[in-house]
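Here is the naming used below: chain letters follow the sequence lines, and residue numbers restart at 1 for every chain.
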Number of protein chains: 2
Amino acid sequence: MRTLKYALLGLIDRGPITGYDISKEFEKRIMANFWHAKHSQVYPELKRLLEENLITVELIIQGEKMEKKLYTITTEGHAEFVEWLLLDEPLGVTPKDVFRLRTFFSDFMSASDYEQHLHSQLDKHNFKKASLENSMTKSFDNIPEYGSKEFGDYAVLLGAIMREDSYLAWLKACLGAINRQD
Amino acid sequence: MRTLKYALLGLIDRGPITGYDISKEFEKRIMANFWHAKHSQVYPELKRLLEENLITVELIIQGEKMEKKLYTITTEGHAEFVEWLLLDEPLGVTPKDVFRLRTFFSDFMSASDYEQHLHSQLDKHNFKKASLENSMTKSFDNIPEYGSKEFGDYAVLLGAIMREDSYLAWLKACLGAINRQD
DNA sequence: GATTGCATGTAAGAGGTTACATGATTCC
DNA sequence: GGAATCATGTAACCTCTTACATGCAATC
């Protein structure tokens, strides 16, 4: 399906960018909430997009002699990206979740062991949620208007927070379901 | 991390089972809500578990001459599975989501195109939620007791429904955020 | 007798991670 | 001078999907 291809095209379509900065988007920024790729995957894909004439590259010198490569989208690249953007694909497989797998097999552990698991998960997801909410309040004091880059940022951040909320609610429901037996 | 290994060990730990029936679990049953694997991945992994002495195999004849292989867990297999079950692993990367990626790049499409996307997603997730809720009401009229196989089934099904609920709520929030501009 | 489901496998390739490898720049 | 960060790449390996391949059993 080559989704990474379109993730890269989208980022490059926003303006010239280096492979390094693309990798940073995946690792640390908002994008990490719904897509990711290591630099070892990004660089070869950029090479491929170049060969396919979807992007061009400009070598620039930073400081004395350090080279960096600025990638820019081509007309064909933009066209392919927008075409992909409008596709209505079927839902795709449900994401894998190791903790749900452990829950499925919870009959192989004691109630107190599973309860410990649940508390550990609650801690981790609470932490993640807090970090997302921190980003939210720091970046947005009202809903950005549709059509701006910020709208996308806001929408996916909201989605990430809601996903954490739902996961936390599920964990609490599991706790409740254990302790209901009395 | 070899998570598939433990998914297989868990299923086999519940009692002797064939590779075919394991594949069915991943494709159609409750497990599909948090893990999946095609038969082309299951059969080689079973072979590997055999070599590692974590399971044993018994060849049985079905009908006239059709062979099937019943896998049974060994003492070592059970021990390794339970050890894995109790592991408290770090959270792991956020699952990829193509529709969130499209949302992130929504500034490259018109509001009406994105709104169409949202309605299409609402349809698909509503359908999925209805199917999950149908399973829930058909299988459970009250919360199974902790320690039973049914408790795990119930917990992951509940989680799947809550996940769909949350996704639907997010989609509606996105719709609201577009139409708020007036 | 044909279709659907049962049952098991392999091969090629795509997608992704970990580790290896190198060198420049900036900040302390 | 040393550490962290900038910047780019490759190699080996693991995971997973798609396609190929075969044959039996049950049902209509």
Side-chain angles (χ1 to χ4, degrees), chain A residues 1-8 16-29 31-32 34-52 55 57-71 89-90 92-98 101, chain B residues 1-8 11-12 16-29 31-32 34-52 55 57-71 89-90 92-98 101:
Chain A
M1 250 166 304
R2 301 206 44 202
T3 310
L4 177 60
K5 162 179 168 176
Y6 299 103
L8 297 185
I17 188 171
T18 65
Y20 186 80
D21 286 330
I22 288 172
S23 294
K24 268 202 303 190
E25 286 288 326
F26 286 128
E27 275 160 30
K28 305 192 248 272
R29 315 252 180 224
M31 276 198 97
F34 54 88
W35 209 265
H36 59 267
K38 308 287 170 73
H39 76 275
S40 57
Q41 207 185 350
V42 169
Y43 288 119
E45 187 65 31
L46 285 169
K47 203 175 169 181
R48 194 170 168 191
L49 294 179
L50 255 178
E51 285 161 11
E52 295 172 325
I55 56 174
V57 70
E58 186 195 358
L59 211 79
I60 62 172
I61 304 295
Q62 190 83 340
E64 199 65 18
K65 55 172 111 168
M66 195 172 74
E67 290 180 347
K68 60 178 185 178
K69 294 180 171 178
L70 255 194
Y71 293 97
E89 294 173 287
V93 296
T94 307
K96 293 177 177 179
D97 183 329
V98 186
L101 182 61
Chain B
M1 249 169 307
R2 300 204 46 201
T3 310
L4 177 61
K5 164 180 167 177
Y6 299 103
L8 296 185
L11 287 171
I12 299 168
I17 188 171
T18 65
Y20 186 80
D21 286 329
I22 288 171
S23 294
K24 269 201 304 188
E25 285 288 326
F26 286 127
E27 277 159 31
K28 304 192 250 272
R29 315 253 180 222
M31 276 198 99
F34 54 88
W35 209 266
H36 58 267
K38 307 287 171 74
H39 76 275
S40 57
Q41 206 186 351
V42 170
Y43 288 119
E45 187 64 32
L46 285 169
K47 203 174 168 181
R48 194 170 166 191
L49 294 178
L50 254 179
E51 284 161 12
E52 295 172 324
I55 55 173
V57 68
E58 187 195 358
L59 211 80
I60 61 172
I61 303 294
Q62 191 84 338
E64 197 66 17
K65 55 172 108 168
M66 195 173 74
E67 290 180 349
K68 60 178 184 177
K69 294 179 172 180
L70 255 194
Y71 293 97
E89 293 173 286
V93 294
T94 307
K96 292 178 178 178
D97 184 328
V98 186
L101 182 60

### Query
If you round to the nearest 0.5 Å, how far is CE of B:M31 from NZ of B:K24?
14.5 Å
Listing time: all N or O pairs from protein to nucleotides 19-24 of chain C that are below 3.5 Å?
residue: C:dA24; atom: O3'; partner: A:M66; partner atom: N; Å: 3.4

### Message
Walk me through whether A:L50 and A:Y71 qualify under side chain to side chain contact (heavy atoms under 4.5 Å, CB included).
### Response
CA-CA 9 Å; A:L50 255 178; A:Y71 293 97; 3.9 Å; yes
### Summary
Rounded to the nearest 0.5 angstrom, the CG-CG distance for A:L49 and A:L4 is 8.0 Å
## Note on the structure
With the side chain defined as heavy atoms from C-beta on, B:K47 is closest, among C:dT10, D:dG9, C:dT8, to C:dT10
### Summary
Residue pair B:R2/A:M1 against DNA chain D: nearer the 5' end by closest nucleotide is B:R2
### Task
Start with the C-alpha gap between B:I12 and B:I22, add the side-chain angles, then the distance that decides, and say whether side chain to side chain contact (heavy atoms under 4.5 Å, CB included) holds.
CA-CA 8 Å; B:I12 299 168; B:I22 288 171; 4.0 Å; yes
### Task
Please determine, for the side chain of B:P44, which listed nucleotide (D:dT5, C:dT10, D:dT15) has the closest atom?
C:dT10
### Interatomic distance where CD belongs to A:E25 and C1' belongs to D:dC6 [whole Å]
16 Å
### Query
Do the side-chain N or O atoms of A:Y43 get closer than 4.0 angstrom to the phosphate oxygens (OP1, OP2) of D:dT8?
yes
### Message
Can you tell me if B:K38 touches the phosphate of D:dC16, counting only side-chain N or O atoms and a distance under 4.0 Å to OP1 or OP2?
### Response
no
### Query
Between B:T18 and A:T3, which has a closest nucleotide on DNA chain C that is more 5'?
B:T18
### Query
Does the pair B:V42 and B:Y20 meet the rule for a side chain to side chain contact (heavy atoms under 4.5 Å, CB included), with working shown?
CA-CA 9 Å; B:V42 170; B:Y20 186 80; over 6 Å; no
### Task
Check whether any side-chain nitrogen or oxygen of B:H36 sits under 4.0 Å from OP1 or OP2 of D:dC16, and answer yes or no.
no
### Summary
Between CG of B:L50 and P of C:dT8 the distance, given in whole Å, is 12 Å
### Query
Just checking B:Y71: base, sugar-phosphate only, or nothing, at a heavy-atom cut-off of under 4.0 Å?
sugar-phosphate
#### Entry: Qualifying salt bridge (Lys or Arg N to Asp or Glu O under 4.0 Å) pairs, either residue in residues 59-71 of chain A, two or more places apart
none
### Task
Let me know the distance between CD1 of B:I22 and P of C:dG9, rounded to the nearest Å.
11 Å
## Note on the structure
Rounded to whole Å, CD1 of B:I17 lies from C1' of C:dA7 at a distance of 13 Å
### Task
Indicate whether OP1 or OP2 belonging to C:dG9 is found under 4.0 Å from a side-chain N or O atom of B:K69.
yes
### Message
Tell me whether the side-chain N/O atoms of A:Y20 come closer than 4.0 Å to OP1 or OP2 in D:dT8.
### Response
no
### Task
Give the nucleotide from the list D:dC16, C:dT8, C:dT10 with an atom nearest to the side chain of B:Q41.
D:dC16
### Message
Does B:K96 reach a base, just sugar-phosphate, or nothing at all? Heavy atoms under 4.0 Å.
### Response
sugar-phosphate
### Value rounded to 0.5 Å, distance of CD1 in B:I55 from CD in B:E45
9.0 Å
### Query
Please give, in whole Å, the distance from C:dC6 C1' to B:L59 CG?
15 Å
### Task
Can you tell me the distance, in whole Å, between the CZ atom of A:F26 and the C1' atom of D:dT8?
16 Å
